[in-house]
Amino acid sequence: MAVVAAATLLSACGGGSTGSDSSSGSGGGSAAVPSSSLISSGTLTFCADISAPPLTYFDKDQKAVGTEIELGDAIAKQLGLKSTWQNVAFNGIIPALQGRQCDAIMSQLYIKPEREKVVDFVPYMYAGNTVLVKAGNPGAVTGIENLCGRKVAAQTGTTIVDLLDAQAKKCQAAGKPTIAVSKFGRDSEAQQQLKLGLVDAYGTTVEIAGYAIKQQPGTFETVGKPFGKIETGIATAKSNAALNAALVKAFAAVRADGTYDAILKNWSLTDDALPAS
């Protein structure tokens, strides 16, 4: 996912916090984190849009689960900290970090130059984009290139919206109808628009699309080749160099002990693993 880098009003940030159990001090302690670097001593607080399975979502018991939840918890444990997850609407996630609602963002945040100007990153996996349609592809969509004149749903603030807007301009330049992009605050809401047949396609990440197809057989399919492969990273405030340095070491430790590979394998995301350094 991607997010608008410019700060907006913190009132744009929705949701609340949800506890996610982690070790309170039994981890490897790969790097000490000064209490002044945390909004709550002894706890690493993450901001995430918890609506994007298999990365972050609520299970039937309303517990935050997913690839990024498990990885974030493992990193916190490695630092000897508890972890907690603040559920924030994606388009307000960087302002939430800047407003000290959390210590770090872990929510498939794409590492892009404009974001690196406002936050620091610790890369942890790859991501890519794709176009999802209803099973059987009734609209004969072949990919992002032939969405001219069609209705497409996407989540506000994500990179796929930028890509769709860019494609819409290409449509207009070629004398074709534009793409009608409907934007929603949560990725799950955009996906529901496609399921209900209110749009022709849904733009999202490869990871989210793959999970939707697996969990709802016979409902969706992807079209065209994935595009825009990019690294995602844990984001920290520019003013919090100590935490960023600690996270770099903690992530390296969970890679070295096999935890990272095990988590990605458990969620069928081994293709998104960063190359071994």
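Atoms considered below: every heavy atom in the structure, side chains included; atoms not considered: hydrogens, waters and symmetry mates. In this chain, numbering begins with 1 at the start of the sequence shown.
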Query raised in the report: Is there a donor-acceptor contact under 3.5 Å from the side chain of Glu207 to the main chain of Leu269?
Result: no

Query raised in the report: Which residues satisfy the ring-ring contact (aromatic ring centres under 6.0 Å, His included) test with Phe121, sequence neighbours excluded?
Result: none

Report task. Starting from Leu196, walk the hydrophobic network (Ile, Leu, Val, Met, Phe, Trp, Tyr; side-chain heavy atoms closer than 4.5 Å) and list everyone else you reach, by chain and number. Result -> Leu198

Query raised in the report: How far does NZ of Lys82 sit from CG of Asp73, to the nearest 0.5 angstrom?
Result: 13.0 Å

Query raised in the report: Using a distance-only test with no angle check, is there a side-chain donor-acceptor pair under 3.5 angstrom linking Asn240 and Thr236?
Result: no

Report task. Can you measure from CG (Asp49) to OG (Ser107) and round to the nearest 0.5 angstrom? Result -> 5.0 Å

Query raised in the report: CG of Leu164 to CD1 of Ile144: how many Å apart, nearest 0.5 Å?
Result: 4.5 Å

Ignoring hydrogens and angles, write down the donor-acceptor pairs under 3.5 Å from the side chains of residues 212-220, residues two or more places apart or on other chains.
{"from": "Gln216", "atom 1": "OE1", "to": "Lys195", "atom 2": "NZ", "distance (Å)": "2.9"}
{"from": "Gln216", "atom 1": "NE2", "to": "Gln191", "atom 2": "OE1", "distance (Å)": "3.0"}
{"from": "Thr219", "atom 1": "OG1", "to": "Gln216", "atom 2": "O", "distance (Å)": "3.1"}

Query raised in the report: Between Arg255, Glu231, Glu68, which is the residue that forms a side chain to side chain contact (heavy atoms under 4.5 Å, CB included) with Tyr124?
Result: Glu68

Requested in this report: Could you tell me whether a side-chain N or O of Asn266 sits under 3.5 Å from a main-chain N or O of Ala262, the two making a donor and an acceptor?
Outcome: no

Query - Qualifying residues under side-chain hydrogen bond (donor to acceptor under 3.5 Å, both in side chains), relative to Tyr260, sequence neighbours excluded - result: none

Requested in this report: Verify side chain to side chain donor-acceptor pair (under 3.5 Å) between Asp187 and Tyr57, making sure each step is shown before the conclusion.
Outcome: CA-CA 11 Å; Asp187 198 81; Tyr57 65 104; over 6 Å; no

Report task. Determine, step by step, whether Thr205 and Gln108 satisfy the side chain to side chain contact (heavy atoms under 4.5 Å, CB included) criterion, reporting the C-alpha distance in whole Å, the side-chain angles of both residues, the deciding distance to 0.1 Å, and the verdict. Result -> CA-CA 9 Å; Thr205 67; Gln108 202 178 37; 3.1 Å; yes

**Report entry** With Glu70 via side-chain hydrogen bond (donor to acceptor under 3.5 Å, both in side chains) - residues at least two apart
**Finding:** Trp267

Requested in this report: I would like to know whether Ile50 and Trp85 meet side chain to side chain contact (heavy atoms under 4.5 Å, CB included); could you show each step before the answer?
Outcome: CA-CA 9 Å; Ile50 309 178; Trp85 294 82; 4.1 Å; yes

Query - Residue Lys169 excluded, over 12 heavy atoms near NZ under 6.0 Å - result: no

Kindly list each side-chain donor-acceptor pair under 3.5 angstrom involving residues 40-48, sequence neighbours excluded, with atom names and distances?
{"from": "Ser41", "atom 1": "OG", "to": "Ser35", "atom 2": "OG", "distance (Å)": "3.3"}

